[in-house]
Amino acid sequence: MQETPNHTLDYVGILRRRKTAMLLVAGTLFAIGAAVAFLLPAVYRSTATILIEEQEIPPEMVRSTITSFADERMQVISQQIMTRAILMGLVDKYGLYAKKRRHETSEDILERMRKDIKLNPVTADVTDRRSGSRISATIAFTLSYDGENPAATQKVASELVSLYLDENLKNRRNKAAETSSFLSDASIKLSQDLAAIETKVAEFKEKNIGRLPELSQLNMQLRDRTDSELMALDQKLVSLEERKIYLQAELAKIEPNSASGGVAGEPTLGPVARLRFLKVRYATQSGVYSPDHPDMVRMRQEIEGLQRVVGKNGSGDGKIGAQMVKLQADLAAALQKYSSSHPDVVRLKKAILALEESGKDAINEDKLTLASDSAPDNPLYLTFQAQLHSVTNELEGQNKLRKNLIEKLESYERRLLETPQVEREYLDLARAHDNALVKYKEIREKELEAQVAQELEKDRKGERFSLIEPPEYPEKPHSPNRLAILLLSFVLALGGALGFASVQESLDDTIRDAKMLSAKVAAPVLATIPYTENIREKARNTLKKRARLAASLAILVGGAIIIHIYFMPLDVLWYVLARKLTWV
């Protein structure tokens with residue numbers, strides 16, 4: 001039956017053979033770790049806690065112009081504080097990194113200090129006011145500084161806290177002032193644009209006075225009223241024309257130099273006056289009787305006889321005068337039935353004008369004949385003559401007034417025709433004015449809100465940083481963790497020793513027992529002779545044991561001293577262990 005190999009005995013044998021090398025490797029590694037643990041300088045950390053407080057006045061009443069989040073502002077403030085001038089000022093003020101400054105550049109010192117300053121936000125789950133959902137928000141942050149001197153570390157941390165608080169306050173005030181200034185400049189610019197548009201509107205109204213769209217209804221009313229006035233004036237002119245014709249007819253009946261009356265109510269007239277009277281009467285009666293009527297024939301014969309008497313036959317004044325009188329009588333009769341714009345009235349007026357042009361010579365001769373007569377002294381004649389003069393003057397005045405009314409009517413109609421085009425241009429200006437006014441009002445409202453927000457920041461009523469825990473004096477080093485380094489060194493030393501023994505054993509070809517010899521020569525071992533130590537070997541082994549014991553005692557004493565100096569006094573440690581053992 002084959003014997004089962006015992007690997008445990010092999011491992012124990014290896015440990016016995018390699019114990020010296022393993023102790024050297026383990027001791028060396030542990031010594032190096034211990035040296036690192038106790039030679040590293042102590043680093044102290046002073047930490048402050050800053051709370052982010054919301055603004056005191058509700059945002060619904062006064063809205064802040066600072067829209068960035070607190071953590072964003074902290075990053076911005078960090079970039080502003082972590083400048084070369086500020087950090088080097090702190091280094092020089094408190095004498096930081098004195099040993100490192102002897103052989104390192106200023107850039108290395110700045111980089112080291114930036115690493116020693118730590119800013120960590122403190123978050124919490126809060127309820128969003130807008131959505132009502134739970135979100136993670138930054139409610140505070142911690143500011144720490146790591147240094148080799150506890151007192152200097154606390155002072156630097158305190159100064160950094162002051163810088164952060166002051167910089168935050170200054171940034172908020174500057175942003176509020178910049179917002180207010182920007183809106184103020186925009187308000188001034190929009191006000192100038194609005195004033196320019198209002199000037200254009202005023203110039204446009206002045207240029208197009210009377211043609212503006214809002215005056216369209218007034219222009220229509222004025223046009224209708226002017227048209228009514230013109231119609232009334234036309235009726236008055238018709239009446240005056242009738243009055244003038246009547247007076248002319250009456251003057252034709254009266255002898256200027258005779259005031260006596262004739263038979264059957266007809267006055268006794270001279271040849272010229274009688275001729276005029278007959279012409280007018282003939283014209284008047286021609287609208288009643290036919291030309292073949294006996295009275296009409298008689299009057300026509302008498303007119304022709306009188307024309308021969310006064311010497312007007314050759315000039316044709318008889319025909320012209322009779323025709324003129326007939327046309328005037330027809331015009332008077334037509335004006336009694338129709339308006340001045342009726343086609344018959346217009347035709348008669350044109351015929352009278354044409355007859356007046358053709359009979360100017362005859363009228364001039366008639367005037368000379370009349371002028372050769374003596375001045376009229378008949379009171380009735382003078383009365384009718386004065387009335388005729390008054391009517392003539394009034395006709396001239398009314399005709400001028402009619403001309404003015406026609407011009408006004410044409411002006412109102414022209415305004416109404418031009419109003420649509422003016423309205424298009426006016427609406428463009430009005431629309432631009434309304435848009436500019438709306439923008440100006442919006443910017444003005446925002447400007448007022450920004451001014452209130454600026455006052456909010458000046459009075460420190462907005463969101464602010466409050467120091468709730470000032471930097472403490474660090475009584476214990478924050479790093480390095482010497483115990484952890486020692487434990488890690490021990491683990492590394494043990495692992496290194498085992499690894500070294502394994503490697504050394506794998507490289508050793510020495511035959512140490514019967515099994516190794518049997519495996520080497522491929523033949524069974526018949527017998528084994530145990531190894532017998534001599535006196536010298538026994539003495540050497542005893543010396544080694546004493547050396548190991550002394551080394552162990554030295555390690556124990558050294559460890560106790562280290563614990564007493566760097567961690568805890570031995571009496572306190574004994575008391576703590578006693579209490580724990582008692583509790584157990």
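- We find that Asp434 and Arg431 are not joined by a salt bridge, their nearest charged nitrogen and carboxylate oxygen being 4.0 Å or further apart.
- The closest side-chain donor-acceptor pair between Gln154 and Tyr44, if any, does not fall under 3.5 angstrom.
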(request) Go through the steps for Asp185 and Lys189 under the test salt bridge (charged side-chain N to carboxylate O under 4.0 Å, His left out), then give the verdict. (result) CA-CA 6 Å; Asp185 295 340; Lys189 184 178 182 303; over 6 Å; no
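- Between atom CD of residue Glu469 and atom OG1 of residue Thr49 there is a gap of 4.0 Å, rounded to the nearest 0.5 Å.
- Going from atom OG of Ser187 over to atom CD1 of Ile443 covers 7.5 Å, rounded to the nearest 0.5 Å.
- The side-chain heavy atoms of Leu119 and Ser78, taken from C-beta on, include a pair separated by under 4.5 Å.
- Salt bridge status for Glu203 with Lys200: absent, with no side-chain N to carboxylate O gap under 4.0 Å.
- Here the CD atom belonging to Glu148 is positioned 4.5 Å from the NZ atom belonging to Lys100, to the nearest 0.5 angstrom.
- For the residue pair Ser106/Arg84, the side-chain donor-acceptor check at 3.5 Å is satisfied.
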(message) Applying side chain to side chain contact (heavy atoms under 4.5 Å, CB included) to Lys441 and Val438, what does each step give before you reach the verdict?
(response) CA-CA 5 Å; Lys441 288 181 178 179; Val438 169; 5.9 Å; no
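- The residues Arg424 and Asp428 are annotated as not salt-bridged, no charged nitrogen and carboxylate oxygen being separated by less than 4.0 angstrom.
- Of the inter-residue distances, the one linking Arg444 atom CZ with Ser191 atom OG reads 9.0 Å to the nearest 0.5 angstrom.
- At least one side-chain heavy atom of Thr47 sits under 4.5 Å from a side-chain heavy atom of Arg45.
- A 6.0 Å sphere centred on CZ of Arg114 holds more than 12 heavy atoms belonging to other residues, nucleotides or ligands.
- The shortest side-chain heavy-atom distance between Leu29 and Ser489 does not fall under the 4.5 Å cut-off.
- At least one side-chain heavy atom of Val156 sits less than 4.5 Å from a side-chain heavy atom of Met113.
- Salt-bridge formation is not detected for the pair Lys170/Asp166: no Lys NZ or Arg NE/NH1/NH2 atom is positioned less than 4.0 Å from an Asp or Glu carboxylate oxygen.
- Listed here is the closest heavy atom pair of Asn149 and Ala151: OD1-N, 3.0 Å.
- For the pair Ile77 and Ile81, the minimum side-chain heavy-atom distance is below 4.5 Å.
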(request) Could you walk me through whether Leu143 and Ile117 pass the side chain to side chain contact (heavy atoms under 4.5 Å, CB included) test, one step at a time? (result) CA-CA 7 Å; Leu143 180 61; Ile117 299 173; 4.1 Å; yes
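- Checking Tyr473 against Thr153 by side-chain atom types alone, no donor-acceptor pair falls below 3.5 Å.
- Tyr440 and Asn435 form no side-chain donor-acceptor contact under 3.5 Å, judged by distance and modelled atom types alone.
- In terms of heavy atoms, Ala432 sits closest to Ile197 at O-CD1, 3.8 Å.
- The shortest distance between side-chain heavy atoms of His433 and Leu194 falls below 4.5 Å.
- The number of heavy-atom neighbours closer than 6.0 Å to OH of Tyr97, taken from other residues, nucleotides and ligands shown, is above 12.
- Judged by distance alone, with hydrogens and angles left aside, the side-chain atoms of Ser162 form a donor-acceptor pair with the main-chain N or O of Ser158 at under 3.5 Å.
- Taking 4.5 Å as the limit, every side-chain heavy atom of Phe30 sits out of range of all side-chain heavy atoms of Leu492.
- Salt bridge status for Asp108 with Arg101: absent, with no side-chain N to carboxylate O gap under 4.0 Å.
- Salt bridge Glu159/Lys93: present, at least one basic N to carboxylate O contact under 4.0 Å.
- With contacts defined as side-chain heavy-atom distances shorter than 4.5 Å, the pair Thr142/Ile50 does not qualify.
- Taking CG of Leu183 as the reference point, atom OG1 of Thr179 lies at 6.5 Å (rounded to 0.5 Å).
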(request) Could you walk me through whether Leu90 and Tyr145 pass side chain to side chain contact (heavy atoms under 4.5 Å, CB included), step by step? (result) CA-CA 12 Å; Leu90 293 176; Tyr145 174 70; over 6 Å; no
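- If you take CE on Met82 and CG on Leu160, they are separated by 6.5 Å, rounding to the nearest 0.5 Å.
- When the shell of 6.0 Å around CZ of Phe182 is examined, it contains 12 or fewer heavy atoms from other residues, nucleotides or ligands.
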